[in-house]
2 protein chains.
Amino acid sequence: MHGLTIGKLAKKAGLTIDTVRFYERRGLINEPARTQSNYRMYPEEDVARLIFIKKAKDLGFSLSEIKELLFIQHDPDASKSDVKERTEAKIRDVRCRIKDLTRILKALEQLSKGCDGHGPASACPILEALSGPEEEHHHHNGGGS
Amino acid sequence: MHGLTIGKLAKKAGLTIDTVRFYERRGLINEPARTQSNYRMYPEEDVARLIFIKKAKDLGFSLSEIKELLFIQHDPDASKSDVKERTEAKIRDVRCRIKDLTRILKALEQLSKGCDGHGPASACPILEALSGPEEEHHHHNGGGS
DNA sequence: ATAAACATTGGACCATAGTCAAAGGTCAAG
DNA sequence: CTTGACCTTTGACTATGGTCCAATGTTTAT
Ligand SMILES: [Zn+2]
Ligand SMILES: [Zn+2]
Ligand SMILES: [Zn+2]
Ligand SMILES: [Zn+2]
């Protein structure tokens, strides 16, 4: 018998069976062949495909973005620039999120610095700042994952 | 007549009616008094409370964390250190997320640098890197929001 | 008086990425 | 042949933060 059952596949890829089936429903992996008894039988290549998904996820790509990357990977007409553009878009997205978080961090640090941490909360400058008048604030660019 | 209907309140706070009711369900604002005709009537203070929520949200606090902050704010026995500790925890959380994103950014930049963007995707080093063998990777500290 | 604007409730639905359970069929070992 | 491990399906549920809808009731303005 050649091929892997879903359990073997999941184990090789370091995922759960549920996750593999979830990716199938989402169209990230092809519906595999079935045995006479209706068990899914996967080709060895699907291990690599799942590892691809995991790695891309670790890089911050969403499942739908990963789906596109997988499609590109298997499209003979796709060009490197298709991949590179998506990578650069993700870089912009991540940079934007880092900027947003950095602004938040600065604001939190300012607030924390203003509070000595002693005495009743009723006189806490952090709470006072949050209770103060409204301000303008930045709005985040769409972006993926 | 004193007090605000939900529409006025939402407008003053810059939220939608649905969001105000959602916050009520989540216990972020008290259930308000009702008129004879069952309309919610809010005290003016609730405007400040909603603005507090918005500001805390902009600082990266989750609704359940904000609920705690609001509770502290109105607890005569609460101390500044309760607030400060939560602020510092959020600072650690945000720093951790920035670090995670920075690692991701570096990895994406490396990948992007390796690809000239010309030619067929079949020879794209980005896709090759994603198809390669598995590596160890960092695991993110729990953390809130 | 009548229409527009506003309020009420309950519940469904969006996206994201799974996770779990129930009820049953299949396969390998002892 | 039975037990346990493995597989099948459907569908519900988790967490987060809302958003929208229908059907109905109320208030306000003209
Ligand atoms: Zn303080
Ligand atoms: Zn941003
Ligand atoms: Zn490339
Ligand atoms: Zn982290």
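Labels below follow one simple rule: chain letters A, B, ... track the order of the sequence lines, proteins then strands, and each chain is numbered from 1.
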Salt bridge (charged side-chain N to carboxylate O under 4.0 Å, His left out), that's the test. Do R95(B) and E109(A) meet it? Break it down for me. CA-CA 11 Å; R95(B) 284 203 184 119; E109(A) 284 171 343; 2.6 Å; yes

Evaluate the criterion salt bridge (charged side-chain N to carboxylate O under 4.0 Å, His left out) for residue pair K12(B) and E44(B); output intermediate values, then yes/no. CA-CA 10 Å; K12(B) 282 207 183 195; E44(B) 281 286 342; 3.5 Å; yes

What integer distance in Å separates K67(B):NZ from dT16(D):P? 12 Å

Minimum-distance nucleotide to D18(A) side chain [options: dG17(D), dG18(C), dC20(C)]: dC20(C)

Between T5(A) and dC7(D), is there a side-chain N or O to OP1/OP2 distance below 4.0 Å? yes

Tell me whether the OP1 or OP2 atom of dT27(D) has a side-chain N or O from S37(B) closer than 4.0 Å. yes

Are any of T19(A)'s side-chain N or O atoms less than 4.0 Å away from OP1 or OP2 of dT19(C)? yes

Where the side chain of I6(B) is defined as all heavy atoms beyond and including C-beta, which of dT8(C), dG18(C), dC6(D) is the nearest nucleotide? dT8(C)

What does T35(A) touch in the nucleic acid at a heavy-atom separation under 4.0 angstrom: a base, only the sugar-phosphate, or nothing? nothing

To the nearest 0.5 Å, tell me how far D46(B) CG sits from E24(B) CD. 9.5 Å

Between L4(A) and K8(A), what is the shortest heavy-atom contact and its length? CD2-CB, 4.0 Å

Euclidean distance, atom NZ of residue K11(B) to atom P of dA5(C) [Å, nearest integer]: 12 Å

According to a strict under-4.0 Å criterion, is R34(B) in side-chain N/O contact with OP1 or OP2 of dG25(D)? no

Any N/O donor-acceptor pair, Y23(B) side-chain to dG17(D) base, under 3.5 Å: no

Between R97(B) (CZ) and dT16(D) (P), how many Å, whole number? 13 Å

If you assign each of Q36(A) and R26(A) to its closest nucleotide in DNA chain C, which residue comes earlier from the 5' end? R26(A)

Tell me which nucleotide among dT19(D), dC6(C), dG17(D) gets nearest to the side chain of R25(B). dT19(D)

Could you tell me the separation between the CE atom of M41(B) and the P atom of dT27(D), rounded to a whole number of Å? 11 Å

Interatomic distance where CG belongs to D93(A) and P belongs to dT16(C) [whole Å]: 13 Å

Between Y42(B) (OH) and dC6(C) (C1'), how many Å, whole number? 14 Å

Base, sugar-phosphate, or nothing: which does N38(A) touch, judged by heavy atoms less than 4.0 Å apart? sugar-phosphate

Using whole Å, what does the distance between atom C1' of nucleotide dT16(D) and atom CG of L28(B) come to? 13 Å

A side-chain contact here means heavy atoms from C-beta on lying under 4.5 Å apart; do I72(B) and R86(B) qualify? yes

Atom CD1 of I53(A) to atom P of dA17(C): distance rounded to whole Å? 12 Å

More 5' along DNA chain D: K57(B) or R21(B), using each one's nearest nucleotide? K57(B)

Which nucleotide in dA7(C), dA17(C), dT19(D) has an atom nearest any side-chain atom of F22(B): dT19(D)

Between the main-chain N or O of C115(A) and the side-chain N or O of K80(B), is there a donor-acceptor pair closer than 3.5 Å? no

At under 4.0 Å, does any side-chain N or O of R40(B) touch on OP1 or OP2 of dT8(C)? yes

